[in-house]
J.: 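Quick one: this structure, given as C-alpha cells, is what I'll be asking you about.
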Amino acid sequence: MPDTPAAPYLAGLNPEQYAAVTAEDGPLLILAGAGTGKTRVLTTRLAHLLMTGRARPFEVLAVTFTNKAAREMVHRVEGLIGQSVQGMWLGTFHAMGTRFLRRHAEIVGLKPSFTILDTDDQIRLVKQVLQALEIDDKRWPARAVLGIVQRWKDRGWTPDQVPPSEVGDFAGGKTLRIYSLYQERLATLNACDFGDLLLHCLELFKRAPDVLAQYQRRFRAILVDEYQDTNVAQYLLLRLLAQGHRNITCVGDDDQSIYSWRGAEVGNILRFEEDFPGAEVVRLERNYRSTGHILGAAAGLIARNRARHGKTLWTEDVDGEKVRVASLWDEHEEAIFVGDELEALQRAKKRLCDTAVLVRAGHQTRAFEERFIQLGLPYRVIGGLRFYERAEIRDAVAYLRVVVQPDDDLAFERIVNTPKRGIGETTVVALRKAARAAGRSMLSAAEELVGTDELPTRGRRQLADLLAAFARWRDELPRRAPRDLVEAILDESGYVGMWQADKTPEAQGRLENLKELVKAIEEFESLPAFLEHVGLVMDNAADADGDMVTLMTLHAAKGLEYDYVFLTGWEEGLFPNQRALDEGGTKALEEERRLAYVGITRAKKRCTITYAANRRIFGQWGAALPSRFVEELPPEHIHHLLRSNASRPDVDPTFGVTSLFPTGKMTGRGPGFERAGKLIEGKAELVRPRPAPTVAFAKGDRVFHDKFGPGTVEALEGEKLTIAFDKSGVKKVMASFLEKKA
DNA sequence: GGATTGTGTATTTTT
DNA sequence: TACACAATCC
C-alpha cells in the first residue's frame, strides 16, 4: 500500500490492484479472475499513466473487443481524470485498424474511402467467387468457405502465406484459390472485410517500416483488454506496435477464454512472458462479486482444466447459499421451475433485472420465453438479431451507401429491386457483366446501358427513375441535413411505402426500427460519418430498460453479473456441446468447462443449475444424461434440489444413485408432478434421471397420451411408437409419453 | 418476376 | 421441430 498520501483515484485498491495500477514501465500482464475488478484496474492504470505524466493522451493506445467495452472505458477514464479523453486512441481492434488504413490506404493498394463489408456482403461475394470457379455452393456452402478464410485471416495469413498443410480438401482443395479470388474481388471493390482491417495493417507495417516506426514512437502506452480473446493477427499487430517503448499492459483471464472458435488464441495469454521478456505479471485473485460457495464451486470446476495459468480466487464475503442443482423432466418442466423460482424472487421483492437465465445455445431460450409469456413475467433476450443486422436496417443503409459511394456494387445489388421494381435477376446479371467488362461500377454501367437495348425492357423505366433519384440525392448530399436527406431517400425510394403496405405483424416493428435509424443519424455531422460508424458498430442499439429477467447465451453473459443466475440445460451433448467435442476434443472440452466457469461466476448471491432428463434435439425426443460438469462440482459447495413429491426416490441400479422420477407416471405433467411441488433439500449426492422407462407396448395396445388423448399402437420402433389417435390421427411418439390403458 | 412447395440442415458471435 | 434456401410452378 502507498505510504505517501495517494491520489484520490488510487483509494480503495487492494494491494494487488495497486501493484497493477502503479507498475513501472515495461510489459505487464494482469491476470484478472472473474469479479476481481479487472476493468477498474485497467482504467485506473490508464488514468494513472496520464496523471503522472508518463503518457499524454495522444500517446495512448487502448484497445477493446467490443464497442460497448470501449464506451465503458471512455466513460470510466473520463470520470477518473475529470476531463475528456480527446486525442487518445481508445476503441476496438477493428476501429484501430480502420484508422491506420484510412491514413495509409495507398500503401496496401486501397483508396482511403474503402468500404467495410458486413457478413452478408462477404457471403454474397464468396458465392460469386464459387460461381466463377464453378464450385457447387450446395455441397460447399459459402458460409463454411468464408469461415475457413476468416480463420486464416485470424492467424494473420494472406493467401500466399497460408501453409500448404493447412489447405485441406474442402471445396475440392480449392479453398486457397477461393481466398485469392475473394481478395481480388475485395480489392476491385475497394473494400475490406473485418479480417482485412487487421491483416492489411500487418501488410502496411511490413511495407512501410517508417510508418510503423512513427507509431512505435508515438504510443508510449498500449493497453489491451480481454487479452485472452486476441487472435494471432491482433497479437502480431500489438507486438509490432509495442516494440517502441515496450509499455504494453494486457489484462485478461485465461479461464474465461471462450472464443477459440472464432480465432482467439488462449496461447497468446499463456505465452505472454515469453513474447515479452522481462514482463511483470500481477494476479488479481480477490473476488468482490460472489459468495463463498459460488466461488468454491466455480474454482473446483475450473481446476480440472490443464491449460491455464492457475489462479486461486478467494473472497471475504460470507459463504452464502450453496450452488443449487435441480433435475427436471424436460425443457417444459425446466421452464416451469425457473419461472416459479423467478416469481418467488419477485414475491420476495427482488428485482427481475438482478436475475438472469443463461443457456448454451440460442434456441433454448424459446421454452423459457413461452413460459414467461404465460406467467406474464417480463423478460428480455440479449443477442438474437442485432439492430444493424435487421433486414430493413441493412436495406436502408444500403441506399445510403449507394448515395455516398456510387461504386458500392454490393449495396447497389441489395436494393436495386427492393422495393420490387421489376428489375430481376436477368437485369442484374447483365449489369454485373457489363460492369466487370468495363472495369467500372454497376451503377455507372447501369447509367450507360439504361438507354440502350442491352437490358431487358421490363424494368428499364424503373431503373432509369432509380438512377435519376440517386443522382438527385447525391446532388443534395452536401446541402441537406443528414436526417432530412435520409428521410427523403427512404420515402422517395418507396422503401417506407413498401413496409407501410405490408400487413404482416412485424411490419410495424420494422417501420419503428427505421425511425430509430433516422434518429441515430442525427448524432452525426454527415452521412459518410454515420456510415463509417455503422460499418464498425454492429451492436445492440440501446438495451431496453425496465425490470426484466435477462435471457441470453453463456457467451453473451461474459463480463456481466447478476444476483440470481439460472444455468440451464446442463446435459451431456448440449453442455458440453457434442459438436464442439467432436470437432475439438480435449481442447474443446476445456473451453466448454471455461464456459461453465464463466456461467457460475456471473452469480453474486445465488446460482441455480438445472438439467433435464429428456430433451428434444432436432425435433427428436431423447433421454439426456446430466452434464459431466454437474459431477465435477465440488460436493461441499452444492446442494441438490428434489421435488417434495419425489419423497420415495427410486434407486437406479445402473448408477447406484437416487433417481428423481418415480416409475409409472413419467410425463411430468400428471398428478405426481403438480406444480405445487415445493423444493426441498435433497439427500442424494448425485441425482441422475434414468433413461426413459420402457413399459412394454405391443401392437394393438390401447394407450393414452396427455396431449393427444386415447389411441391404438400401430407400430413399434424402439422407443418410438406409431400411434393412431382417436382424435388427432396417426403420430409418432416416444414411449415415455404414453400410458398403457388396461 | 413472384408465390409456393420441397429439401436439407441444425452451437457459441463480435467486428 | 423449424427455418432458410432453392427449385418449381403460375
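Within every chain, numbering begins at 1; the chains are lettered A, B, ... in the order of the sequence lines, protein sequences first and strands thereafter. These numbers come from the heavy atoms of this one structure, side chains and all, not from hydrogens, waters or symmetry mates.
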J.: Using the test ring-ring contact (aromatic ring centres under 6.0 Å, His included), find all partners of A:Phe575 that sit at least two apart in sequence or belong to another chain.
T.: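 Here the qualifying residues are A:Trp570, A:Phe629.
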J.: Return the set of residues passing side chain to side chain contact (heavy atoms under 4.5 Å, CB included) with A:Ala191 (not counting sequence neighbours), or none when no residue passes.
T.: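 By the side chain to side chain contact (heavy atoms under 4.5 Å, CB included) rule, A:Ala191 matches A:Thr115, A:Leu117, A:Leu186, A:Leu189.
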J.: Applying side chain to side chain contact (heavy atoms under 4.5 Å, CB included), name anything that partners A:Thr426, two or more places apart in sequence or on another chain.
T.: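 Counting only residues at least two positions away or on another chain, A:Thr426 forms a side chain to side chain contact (heavy atoms under 4.5 Å, CB included) with A:Pro456.
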J.: At a heavy-atom distance below 4.0 Å, what parts of residues 582-601 of chain A sit against DNA chain B?
T.: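 Heavy-atom contacts with DNA chain B come from A:Glu583, A:Glu592.
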J.: For A:Thr92 and for A:Asn577, locate the closest nucleotide of DNA chain B by heavy-atom distance; then report the residue assigned to the nucleotide nearer the 5' terminus.
T.: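 With A:Thr92 and A:Asn577 compared, the 5'-side residue is A:Asn577.
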J.: Can you name the salt bridge (charged side-chain N to carboxylate O under 4.0 Å, His left out) partners of A:Asp196, sequence neighbours left out?
T.: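 Result, salt bridge (charged side-chain N to carboxylate O under 4.0 Å, His left out) vs A:Asp196: A:Lys153.
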J.: Would you mind reading off the distance between A:Leu581 atom CG and B:dT12 atom P, rounded to a whole angstrom?
T.: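 Distance check: A:Leu581 CG to B:dT12 P gives 16 Å.
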J.: Counting any heavy atom closer than 4.0 Å, what does A:Asp193 reach on the DNA or RNA strands: base, sugar-phosphate only, or nothing?
T.: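 Here A:Asp193 touches no strand at all.
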J.: Starting at CG of A:Leu198 and ending at C1' of B:dT15, how long is that distance when rounded to a whole Å?
T.: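 Answer to the nearest Å: 9 Å.
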J.: Calculate the interatomic distance between A:Ile258 atom CD1 and B:dT12 atom C1'; express it in whole Å.
T.: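 In whole Å, B:dT12 C1' lies 8 Å from A:Ile258 CD1.
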J.: Can you name the ring-ring contact (aromatic ring centres under 6.0 Å, His included) partners of A:Phe205, sequence neighbours left out?
T.: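 ring-ring contact (aromatic ring centres under 6.0 Å, His included) list for A:Phe205, sorted by chain: A:Phe100.
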J.: Using the ring-ring contact (aromatic ring centres under 6.0 Å, His included) criterion, which residues pair with A:Tyr227? Sequence neighbours excluded.
T.: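 A:Phe272.
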J.: Mind running side-chain hydrogen bond (donor to acceptor under 3.5 Å, both in side chains) on A:Glu265 and A:Asn231 for me, showing each step along the way?
T.: CA-CA 5 Å; A:Glu265 287 279 343; A:Asn231 61 34; over 6 Å; no
J.: According to side-chain hydrogen bond (donor to acceptor under 3.5 Å, both in side chains), does anything in residues 129-150 of chain A pair up with another residue at least two apart or in another chain? List the pairs.
T.: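 side-chain hydrogen bond (donor to acceptor under 3.5 Å, both in side chains) check on residues 129-150 of chain A returns A:Gln122-A:Gln150.
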J.: A:Ser493: which residues meet the side chain to side chain contact (heavy atoms under 4.5 Å, CB included) condition with it, sequence neighbours left out?
T.: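 Only A:Tyr399, A:Arg421, A:Trp473, A:Tyr495 meet the side chain to side chain contact (heavy atoms under 4.5 Å, CB included) criterion with A:Ser493.
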J.: On DNA chain B, check which nucleotide each of A:Ala556 and A:Ile423 is closest to and give me the residue with the more 5' one.
T.: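 Counting from the 5' end, the first nearest nucleotide belongs to A:Ile423.
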J.: Could you work out, with ring-ring contact (aromatic ring centres under 6.0 Å, His included) as the rule, every residue matching A:Phe65, not counting sequence neighbours?
T.: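 ring-ring contact (aromatic ring centres under 6.0 Å, His included) check on A:Phe65 returns A:Phe93.
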J.: For DNA chain B, what residues of residues 357-365 of chain A have any heavy atom nearer than 4.0 Å?
T.: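 A:Arg360, A:Ala361, A:Gly362, in order of number.
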J.: Once each nucleotide of nucleotides 1-10 of chain C is scored for protein heavy atoms under 4.0 Å, what B/S/- sequence comes out, 5' to 3'?
T.: BS---S----
